[in-house]
Amino acid sequence: MKKYYSLFISALIILTFSIISCSKNSNDTPETVLPITNTTNIVFILIDDMGWDVFGNYPNISGTKATTPNIDALAKDGITFINFWTNPVCSPTRASLLTGKYSFRTGVGGVQTPPTATLQSNEIVIQKYINDKTSNKYATALIGKWHVSSNNTLTAPENFGINYFSGILTGAIPDYYNWTQTSNGVQQSVTTYATTQLVDSSVNWIKQQSKPFFLWLAFNAPHTPFHRPPLNLISNQSLSNNTATINANRYTYYLASIEAMDNEIGRLISSLTAAQKENTVFVIMGDNGTPGQVAQAPYTTNGTKSTLFQGGINTPLIISGKNITRKNVVETALVQAQDLFPTFAAIAGAGNENYKDGISITPLFTNADATKRTYVYTEQFGQSSPSTDGYTIRNSNYKLIHLENGTEYLFKISIDPFEQYNLISNTSNIEAQENLTQLRLLKTNL
């Protein structure tokens, strides 16, 4: 009896599926079935020399800023971190991002001399770390500026375990319309506007991928030289291409470079399929502050790029996309460049643990009350400048700067974000002195 009952049930199931199938209109086209995956794509965009004085809506910073509708749209769809610290110049920041380590651990503290601007070959970079932990689940590319190896090592990024590199090995290019591109260990001269070429390379690379991808797009823009972008990428169609005019109006051309980059970022995003967009986290950050020749108030008072003041190290960080449920949020949590290593690892499913000097900020993607780090630290060395080399460390309220020449600054950064009042000698301020002691102890224990 049980045998016949089982046969009856099986027949009923088959009949039910047949009826459902036949009920479809015969003119319906077959549906495209996308593979189900929990593996998230990562698009990381690193901008060269752009601080809060020229971009975005940092509180109490006004003035003329770049036109950036595409980056602004990402900010509205996600989280803007306004207390994000990098190094004062680009190579140390890149080394920190790649390794999750402070500069004194990598040895990369500046850009002027090879010993302090070259990442050691035994370092494990984030792309290799992710693929080691996920059985090579990701296709990885670094397109754009590298600048942590000697310029004659043409396969340096690939030697570290990055699948594909195409871009610029040096710290800057001589001309946005005439520069040297390195791809697969081969160099060639390129006359396409650099920002456009880097996005072209990124779009083409993504189209070739069948695996989840981690794209690190490192623009050289808006770094010097200040050249007029192609007119189709900027709103000011009357902008002159005359060298004398550019030299007399560098800020105008600097902003135009950012606007052109924003338009190309929009093109990159538009090139993704709907499914890819839904499955991608977008991370955008500046590698250090605005250079002095184009910096704006309030940072011009103390210091900009190449200094340990806020104008050199407090840069934009915007994260949006898949699983970022907090929208149009300005987040005040302390974050540092090293934190992006474990953050990328967590997004890629390579573990949620903290790594070296980094703490993953993925909990903040969904929870405003998530645990936050209690201090951030950064430094600069090897620049042969005791008046700007040194270290800085802050907690939620106070920031200490210690320079190699012995000069120190202490700011109550929570109420003095633009560092106007140095409290280092104010011995009557007990709170300030207690925090000074605490910050020095934190530094000693690193």
Side-chain angles (χ1 to χ4, degrees), residues 46-66 68 81-94 96 103 109-112 117 145 147 171-172 219-226 247 249-258 261 285-317 336-337 376-394 399-405 407-409 411 413 416-422:
L46 185 57
I47 299 173
D48 200 355
D49 287 6
M50 186 182 79
W52 282 117
D53 52 327
V54 298
F55 162 81
N57 298 304
Y58 189 96
N60 300 315
I61 298 182
S62 56
T64 303
K65 298 189 180 184
T68 55
F81 295 85
I82 62 170
N83 286 323
F84 173 61
W85 272 20
T86 64
N87 292 76
V89 289
C90 65
S91 292
T93 296
R94 292 161 202 273
S96 295
S103 296
V111 296
Q112 289 187 349
K145 180 174 171 178
H147 202 210
F219 285 110
N220 62 299
H223 194 289
T224 54
F226 303 124
N247 290 337
N249 301 277
R250 290 176 296 186
Y251 188 61
T252 299
Y253 289 84
Y254 173 78
L255 294 186
S257 177
I258 297 173
M261 177 181 60
M285 64 164 276
D287 68 342
N288 49 247
T290 306
Q293 62 266 49
V294 288
Q296 302 299 298
Y299 295 134
T300 49
T301 303
N302 284 328
T304 53
K305 175 184 175 179
S306 302
T307 78
L308 293 165
F309 292 98
Q310 293 293 88
I313 62 173
N314 186 24
T315 71
L317 173 64
Q336 60 187 28
V376 285
Y377 171 85
T378 192
E379 62 196 317
Q380 178 171 261
F381 55 84
Q383 296 291 89
S384 302
S385 179
S387 63
T388 56
D389 282 6
Y391 72 83
T392 182
I393 188 167
R394 71 160 287 187
K399 173 184 176 182
L400 168 66
I401 299 175
H402 176 90
L403 301 178
E404 287 184 359
N405 65 4
T407 303
E408 289 191 320
Y409 301 86
F411 303 104
I413 202 74
D416 182 22
F418 307 124
E419 301 163 307
Q420 297 179 6
Y421 307 104
N422 185 8

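Just so you know, these numbers use all the heavy atoms, side chains as well, and skip hydrogens, waters and symmetry mates. Just so you know, residue 1 is the first one in the sequence shown, and it goes up from there.
With sequence neighbours left out, Arg394 forms a salt bridge (Lys or Arg N to Asp or Glu O under 4.0 Å) with no residue at all. Residues forming a ring pair (Phe, Tyr, Trp, His ring centres under 6.0 Å) with Phe81 (at least two apart in sequence, or on another chain): none. Looking at residues two or more places apart in sequence or on another chain, you find no ring pair (Phe, Tyr, Trp, His ring centres under 6.0 Å) involving Tyr253. Applying the side-chain contact (heavy atoms from CB on, under 4.5 Å) rule to Thr315 yields the partners Phe84, Thr86; only residues at least two apart in sequence or on another chain are considered. Every residue was checked against the salt bridge (Lys or Arg N to Asp or Glu O under 4.0 Å) condition with Asp53, not counting sequence neighbours, and none meets it.
Between the side chain of Asn288 and the backbone N or O of Cys90, at least one donor-acceptor pair lies under 3.5 Å. A donor-acceptor contact shorter than 3.5 Å links the side chain of Glu379 to the backbone of Ser103. For Glu419 (side chain) and Pro417 (main-chain N/O), no donor-acceptor pair under 3.5 Å exists by modelled atom type. At distances below 3.5 Å, at least one donor-acceptor pair connects side-chain atoms of Tyr251 with backbone N or O atoms of Thr64.
Applying the side-chain hydrogen bond (donor to acceptor under 3.5 Å, both in side chains) test to every pair with at least one member in residues 301-314, sequence neighbours left out, gives these pairs: Asp49-Lys305, Trp85-Gln310, Gln310-Lys399.
The two residues His147 and Arg94 have their closest heavy-atom pair at CB-CD, 4.5 Å.
Summarising the local packing, OH of Tyr377 is surrounded by more than 12 heavy atoms from other residues, nucleotides or ligands at distances under 6.0 Å.
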